[in-house]
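Some notes on the structure that comes next.
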Amino acid sequence: MDVSFLGGPGPQRGVGVVAPFDFALDRELWRWTPDDVSLHVTRTPYVPVEVSLDLARVISEHETLRDAVSTLTEVTPEVVAYACTSGSFVGGVMGEHAMCEAMSRAGSVPAVTTSGALLEALVELDVRRLALVTPYTVSVTRALEEYVAQAGVTVTGRAYMSLTRQIWKVTYREVVDMARRAAVRGRLGAADALFLSCTNLPTYDVIPQLEAELRIPVISANQVTMWAALRRLGTWAVGPYQALIDTSARSGTGTGTGIGTGIGTGSALPAAGPVVPTGSVLPEGQEPPDVRGAHGVSDAHGVSDAQGVPGAQGVSGVPDEKQQEGWT
């Protein structure tokens, strides 16, 4: 069949993405990307270090970021994004600014990072009090709390998983359970929003579910990264019923309307596990009791077998818990 009359594909605008070597959720980034934008993804070199503050520092060295951005030069992206939360908050707010400058100089284009995008999103949503969900250890979680505190944001509660590898295998059910624990109203009051940290944590499909249940905006690492990068192009990320992206969804938070999902506060949802203490971070080396809650048995590295709790019921509106690498 002659298709020459079609004139070829339409023009594409490019976003360069620098990701850590262990990044496994390329497909999730694409789900926030409009059809006329292409993602050009490159990775930092492999280092034999598990997820930790040490790894965050290694993969965010300026020379590493400059080299990664230089590999994208030929495809001429209009903006470059460093898609790593811990790598971009480990040096604090000033360190994040320095990363952007190093990347921008290397590519001669605007640069954003996940943690910088997080702060932009908090301003956009007028958030002063934030609940945190992380797959990290306590030390990495504390570093994230210190980062947002530098921007004047108070953390009202947090839940974390103490994982050091294969974070992309966390299931949607686990993310939802952790979100419920982090958002419990504590001595510091209720959160204005919830942040799901780590670009290797799958989040796209649970955001509308959680916003409907918690009645606050829910933002995630991959979401804010794409949102901020695309704003530099003068365009918008795509995503239904997500308060950051869809301004009409913001009016639903706090009103009990379900934000377009048909899920109300009385929906049948699996019971949450033990509540992580809110308003404080536990001392280094001390873990909250059964902090992994409903994730099944963990190995010596703190990695869940992702089998869930025997007999647990599915989450309404959330895909099956068998969701694994490549299914985002």
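One-based numbering along the sequence shown. On a predicted model such as this, the values are computed, not experimentally measured, just so you know.
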Worksheet entry | Check ion pair R31-D26 (N to O, under 4.0 angstrom) |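 Answer for the salt bridge query: no.
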Practice prompt. Output yes when R250 and E124 qualify as a salt bridge under the 4.0 Å nitrogen-oxygen rule, no when they do not.
Written response: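 The answer is yes: the pair qualifies as a salt bridge.
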Compute whether any side-chain donor of one residue and acceptor of the other, for [X] and [Y], lie under 3.5 angstrom apart.
{"X": "T225", "Y": "T114", "value": "yes"}
{"X": "N222", "Y": "Y204", "value": "no"}
{"X": "E101", "Y": "S104", "value": "no"}

Any chance you could measure [X], atom [atom1], to [Y], atom [atom2], to the nearest 0.5 Å?
{"X": "F195", "Y": "L122", "atom1": "CZ", "atom2": "CG", "value": "8.0 Å"}
{"X": "E145", "Y": "T141", "atom1": "CD", "atom2": "OG1", "value": "9.0 Å"}
{"X": "L210", "Y": "L194", "atom1": "CG", "atom2": "CG", "value": "6.5 Å"}
{"X": "L244", "Y": "I219", "atom1": "CG", "atom2": "CD1", "value": "6.5 Å"}
{"X": "W236", "Y": "D246", "atom1": "CH2", "atom2": "CG", "value": "10.0 Å"}

Considering residues at least two apart in sequence or located in another chain, which fulfil the side chain to side chain donor-acceptor pair (under 3.5 Å) criterion with [X]?
{"X": "R232", "answer": "E120"}
{"X": "T42", "answer": "T71"}
{"X": "T199", "answer": "none"}

Practice prompt. Could you give me the CA-CA distance, side-chain angles and deciding distance for D54 and S52, then say whether side-chain hydrogen bond (donor to acceptor under 3.5 Å, both in side chains) is met?
Written response: CA-CA 5 Å; D54 288 339; S52 61; 4.8 Å; no
For [X] versus [Y], what's the shortest heavy-atom pair and its separation?
{"X": "Q12", "Y": "S38", "value": "OE1-OG, 2.8 Å"}
{"X": "L72", "Y": "P77", "value": "O-CD, 3.2 Å"}
{"X": "I245", "Y": "A237", "value": "CG2-O, 3.0 Å"}
{"X": "I59", "Y": "C84", "value": "CD1-SG, 3.8 Å"}
{"X": "W30", "Y": "V37", "value": "CZ3-O, 3.8 Å"}
{"X": "W32", "Y": "Q242", "value": "NE1-OE1, 2.9 Å"}

Discussion item. Is it the case that the side chain of N200 and the backbone of A24 share a donor-acceptor pair, with hydrogens and angles ignored and the cut-off at 3.5 Å?
Written reply: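 Yes.
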Fill in: Single hit among S88, S60, S86 for side-chain hydrogen bond (donor to acceptor under 3.5 Å, both in side chains) with S115
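Only one of S88, S60, S86 forms a side-chain hydrogen bond (donor to acceptor under 3.5 Å, both in side chains) with S115, namely S88.
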Worksheet entry | Parallel, tilted or perpendicular: ring planes of Y46 versus F21, cut at 30 and 60 degrees |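 Geometry flag for F21 against Y46: perpendicular rings.
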Path from [X] to [Y] over hydrophobic side-chain contacts below 4.5 Å:
{"X": "L230", "Y": "V112", "value": "no"}
{"X": "V238", "Y": "L233", "value": "no"}
{"X": "V123", "Y": "W227", "value": "no"}

Item to complete: Please tell me if the side chains of R57 and E61 come closer than 4.5 Å, counting only heavy atoms from C-beta onward.
Response: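 With C-beta onward as the side chain, the pair stays apart.
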